[in-house]
Amino acid sequence: MAVSVQVQMSPGCGHGEQTVALVREVVAGLAPDARVEIVEVDSVEAAERLGFPGSPTVLVDGVDLEPRPPPGVGLG
């Protein structure tokens, strides 16, 4: 089964195009059969439905590459 990579981003995201280019470059080198999907998150409803933490977000097989830190206080 091929890897699925999804880039979620809001319209006008300042880092969106850069992120998409980097994802495509990495995927071409590591998993050329992977499917890359770009998802525009253009409403609060879409953000809620997707559990969208911020723009851009990269998911590999549904797992966020940059997960949110656990709640609480810390110095790390």
For the student: nearest non-hydrogen atoms of Pro32 and Leu30, plus distance: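 Between these two residues, the closest heavy atoms are CD-C, 3.7 Å.
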Is it true that Leu50 and Val63 fall in one hydrophobic cluster, defined by side-chain heavy atoms closer than 4.5 Å?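 Per the 4.5 Å side-chain linkage, Leu50 and Val63 are not co-clustered.
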If you link I, L, V, M, F, W and Y whenever their side-chain heavy atoms are under 4.5 Å apart, who else ends up in the same group as Leu59?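 Joined to Leu59, directly or through intermediates: none.
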Taking the hydrophobic residues Ile, Leu, Val, Met, Phe, Trp and Tyr, and joining any pair whose side-chain heavy atoms are under 4.5 Å apart, which ones share a cluster with Val23?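 Cluster partners of Val23: Val3, Val5, Val7, Met9, Val20, Val27, Val36, Ile38, Val58, Val60, Leu65.
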Pairwise side chain to side chain donor-acceptor pair (under 3.5 Å) hits with a residue in residues 7-17, at least two apart: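 As it turns out, the side chain to side chain donor-acceptor pair (under 3.5 Å) pairs with a partner in residues 7-17, which skip direct neighbours, are Gln6-Gln8, Ser10-Ser55.
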Residues 29-41 vs salt bridge (charged side-chain N to carboxylate O under 4.0 Å, His left out), sequence neighbours excluded, gives Arg35-Glu37
Mind checking what makes side chain to side chain contact (heavy atoms under 4.5 Å, CB included) contact with Ala47, not counting sequence neighbours?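 Expected list: Val41, Phe52.
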